[in-house]
There are 2 protein chains.
Amino acid sequence: MIENIYMENINKDYTIDQERLARFAKAMAHPARITILMFLAGQDSCYFGDIHCELPIAKATVSQHLKELKDSGLIQGEIETPKVKYCINKENWDIAKSMFSDLFEILNEYKCDCK
Amino acid sequence: MIENIYMENINKDYTIDQERLARFAKAMAHPARITILMFLAGQDSCYFGDIHCELPIAKATVSQHLKELKDSGLIQGEIETPKVKYCINKENWDIAKSMFSDLFEILNEYKCDCK
DNA sequence: AATAATGTTCGTAGTTTTGCGAACTACAAA
DNA sequence: TTTGTAGTTCGCAAAACTACGAACATTATT
């Protein structure tokens with residue numbers, strides 16, 4: 001296969017943007033993770049323990065949810081021994097925000113033929 | 001357990017809104033479903049066959065994705081024998097739009113203590 | 001009645017997610 | 001050196017997700 005710079009996402013079934021938006025949505029697809037995002041977005045930063053206190057689940061599970069959010073890019077973490085400080089990743093947050101916004105804006109006038 | 005009108009969502013770990021937003025996000029958590037939503041939002045309505053043509057997956061799988069989107073409330077379908085017509089559910093679309101928007105708006109100024 | 005067109009549902013297989021306790025890591029303090 | 005604090009990682013089990021082909025349902029046409 002000859003490659004060139006215009007052939008991004010080759011052999012993929014979906015566009016980069018479709019994959020990326022789905023990835024963001026997936027990160028948000030659990031009430032615990034929504035709770036974490038709301039909590040984090042409302043302040044500058046906070047520690048793992050503070051997040052754990054907000055949730056009705058074991059710390060191992062909280063850690064997994066945080067990892068999922070980190071992997072999606074929506075949040076970031078930083079070790080501040082012996083604690084771990086988490087916060088929103090502003091750059092990716094804004095990207096996600098505009099991607100969701102763009103999708104929802106497609107329907108900017110009444111469109112629906114169904115009863 | 002004594003019930004009263006102020007005790008909605010009792011014995012639940014998360015609020016109704018957190019669950020609902022997570023539900024919308026989950027519906028959007030797959031590139032095929034993002035593709036379907038973009039496609040549907042761009043027009044008044046279309047048939048199953050048109051949607052199937054846009055996707056690289058079997059019709060049984062397309063049908064499942066459409067069911068998932070329908071169950072979330074984001075789209076609706078209507079039989080128009082022998083075809084099935086799908087379109088965006090405007091009411092729920094607007095609810096989802098404002099719920100995502102509200103979440104992303106929480107971070108309306110620079111907030112992030114992490115490096 | 002048989003055939004065709006259009007989707008949905010069923011059964012199955014493999015993968016991923018969710019959740020937990022237990023074990024582990026890293027550092028600080030006694 | 002032992003103990004404590006704060007999280008992460010591991011290993012497991014149950015449930016949910018993704019995908020497909022085959023079978024089915026429904027209505028129209030021959």
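The chains referred to below are lettered A, B, ... by the order of the sequence lines, with proteins before strands, and numbering in each begins at 1.
- Residue K26(A) contributes atom NZ, which lies 12 Å from atom C1' of dA16(D) at whole-angstrom precision.
- Among the heavy atoms of the strands lying under 4.0 Å from K59(A) is at least one base atom, whether or not backbone atoms are also near.
- For H65(A), taking side-chain heavy atoms from C-beta onward, the closest of the listed nucleotides dT18(D), dT6(C), dG19(C) is dG19(C).
- Between E80(B) atom CD and dT8(C) atom C1' there is a gap of 17 Å when expressed in whole angstrom units.
- Straight-line distance from the CG atom of L55(B) to the C1' atom of dT18(D): 14 Å, rounded to whole Å.
- The distance between atom CD1 of I57(A) and atom P of dT18(C), rounded to the nearest whole Å, is 10 Å.
- Using a 4.0 Å cut-off, no side-chain N or O of Y86(B) falls inside it from OP1 or OP2 of dT6(C).
- At whole-Å resolution of the value, CE in M28(B) and P in dT18(D) are 14 Å apart.
- Distance, Q64(A) CD to dA13(D) P: 16 Å, rounded to whole Å.
- Rounded to whole Å, atom P of dT9(D) lies 11 Å from atom CG of L66(A).
- Between F100(B) and F24(B), a ring centre-to-centre spacing not shorter than 6.0 Å is recorded.
- We find that NE2 of H52(A) is positioned 14 Å from C1' of dT5(D), with the value rounded to whole Å.
- Contacts of A60(A) with the nucleic acid, taken as non-hydrogen atoms under 4.0 Å apart, include base atoms.
- If you check every strand for non-hydrogen atoms under 4.0 Å, H30(A) touches sugar and phosphate atoms only.
- Across all strands, T61(B) comes closer than 4.0 Å to base atoms (heavy-atom distances).
- Note that K83(B) lies in the cation-pi zone of Y47(B), set by a 6.0 Å cut-off to the ring centre and a 45° limit from the axis.
- Under a 4.0 Å N-O distance rule, the pair E68(A)/K26(A) does not qualify as a salt bridge.
- Residues Y86(A) and E78(A) have side chains that never bring a donor and an acceptor to within less than 3.5 angstrom of each other.
- Across dG21(D), dT18(C), dT8(C), the shortest atom-to-atom separation from the side chain of R33(A) is found for dT18(C).
- The side chain of K83(A) lies closest to dA6(D) when the candidates are dA6(D), dC20(D), dG21(C).
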*Would R20(B) and I95(B) satisfy side chain to side chain contact (heavy atoms under 4.5 Å, CB included), going step by step from the backbone distance to the final call?*
CA-CA 10 Å; R20(B) 187 158 198 200; I95(B) 290 172; 3.9 Å; yes
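- Among the heavy atoms of the strands lying under 4.0 Å from S63(A) is at least one base atom, whether or not backbone atoms are also near.
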